Protein chains: 2
Amino acid sequence: MYILWILDTNGAMRFGELRRQVDGISPKVLTQRLRMLEEIGIVYRHYKPTVPPQVSYELTERGKELSKPLYNLCDLASRWYSDEIPPASQY
Amino acid sequence: MYILWILDTNGAMRFGELRRQVDGISPKVLTQRLRMLEEIGIVYRHYKPTVPPQVSYELTERGKELSKPLYNLCDLASRWYSDEIPPASQY
DNA sequence: TAAAGTAGTTACCTTTTAGTAACTTCATAA
DNA sequence: TTATGAAGTTACTAAAAGGTAACTACTTTA
């Protein structure tokens, strides 16, 4: 399951929760991806300086603008997949 | 410039022409990508058994279905880029 | 006779990306 | 006093992806 999908579906999430739901990548890569997404303004990182720390991630307005285009691609892939041809989204 | 973009814009193209227009990847990787795209039904490969051989590539109907969603993503990235934030399409 | 052309293929090397496991800080709980 | 917790960081290793350069076949051109 993809990071942007999960954040779009669930709203703001703690790192640990994201980590449990995102599969296919290690926590280290998840952190790297989230930092990249933050850098390009697609994701907010909210840091609460507690101990242990509480960090949550949430889509920015810009990130939300991706929902529709990405949903359209997913829809297309689903229609193709139901025709039993491997979806482009594998690539 | 991306393979799907070029094929969408120009219609069927010979390998050599594609090779000149696609930048950022080697001919070897271009061939690999085209073969993958052919495998998943996004691109037709037309082989003419002349010497030297003439091979052209063209988007299938399915490949054309990608135009709109990808155009929408590009449009979004352009709007973001004009706001001077690095576009997500870098990733 | 040699060179040119097309569209690759292949072996080897380089670069990039990812995974693993140990580690970090410090308040709180046991 | 020790363990726990979150959210990473880091060094090292492994895997994946990409680039390079030599090569292929055979007709046509010079």
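A, B, ... follow the sequence lines: proteins, then strands. Residue 1 opens every chain. Since the structure is predicted, the reported quantities are computational estimates derived from the model, not experimental observations.
Taking both residues in full, the closest heavy atoms of Leu30(A) and Leu18(A) are given as CD2-C, 4.2 Å, listed atom of the first, atom of the second, then distance. Closest heavy-atom contact between Arg14(A) and Pro53(A): NH2-O, 3.8 Å.
The CD-P distance, from Gln32(B) to dA17(D), rounds to 9 Å in whole Å. With rounding to whole Å, Leu34(A) atom CG is found 11 Å from dT9(D) atom P. Note: OH (Tyr47(B)) to C1' (dG8(C)) measures 10 Å, nearest angstrom. In this structure, the CG atom of Asp23(B) is 12 Å from the P atom of dG19(D), given to the nearest Å. When rounded to the nearest whole Å, the span between CD of Glu17(B) and P of dT6(C) equals 11 Å. Note: CE (Met36(A)) to C1' (dT17(C)) measures 10 Å, nearest angstrom. dG8(C) atom P lies 13 Å from atom CE of Met13(B), rounded to whole Å. Here the P atom of nucleotide dT16(C) and the NZ atom of Lys28(A) are 15 Å apart, to the nearest Å.
Contact annotation: Arg20(A) side-chain N/O to dA6(D) OP1/OP2 distance is not under 4.0 Å. In terms of phosphate contacts, Arg45(A) brings a side-chain nitrogen or oxygen within less than 4.0 Å of OP1 or OP2 of dG8(D). Contact annotation: Arg19(A) does not reach the phosphate of dA6(D) (side-chain N/O to OP1 or OP2, under 4.0 Å). Distances shorter than 4.0 Å separate none of the side-chain N or O atoms of Arg33(A) from OP1 or OP2 on dT17(C). OP1 or OP2 of dA7(C) sits under 4.0 Å from a side-chain N or O of Arg14(B).
Side-chain proximity of Pro52(B) to the nucleotides dG5(C), dG19(D), dG19(C) is greatest for dG5(C). Which of dT20(D), dG8(D), dG8(C) sits closest to the side chain of Ser26(B) comes down to dT20(D). You'll find that the side chain of Ile25(A) is closest to dG19(C), out of dG19(C), dG19(D), dA7(D).
Checked by atom type and distance alone, the side chain of Asp23(A) pairs as donor or acceptor with a backbone atom of Met1(A) at under 3.5 Å. Judged by distance alone, with hydrogens and angles left aside, the side-chain atoms of Thr60(A) form a donor-acceptor pair with the main-chain N or O of Gly41(A) at under 3.5 Å.
When the nearest nucleotides of DNA chain C are assigned to Pro53(B) and Val51(A) by heavy-atom distance, the more 5′-ward of the two goes with Pro53(B).
Other residues, nucleotides and ligands contribute at most 12 non-hydrogen atoms within 6.0 Å of the NZ atom of Lys68(A).
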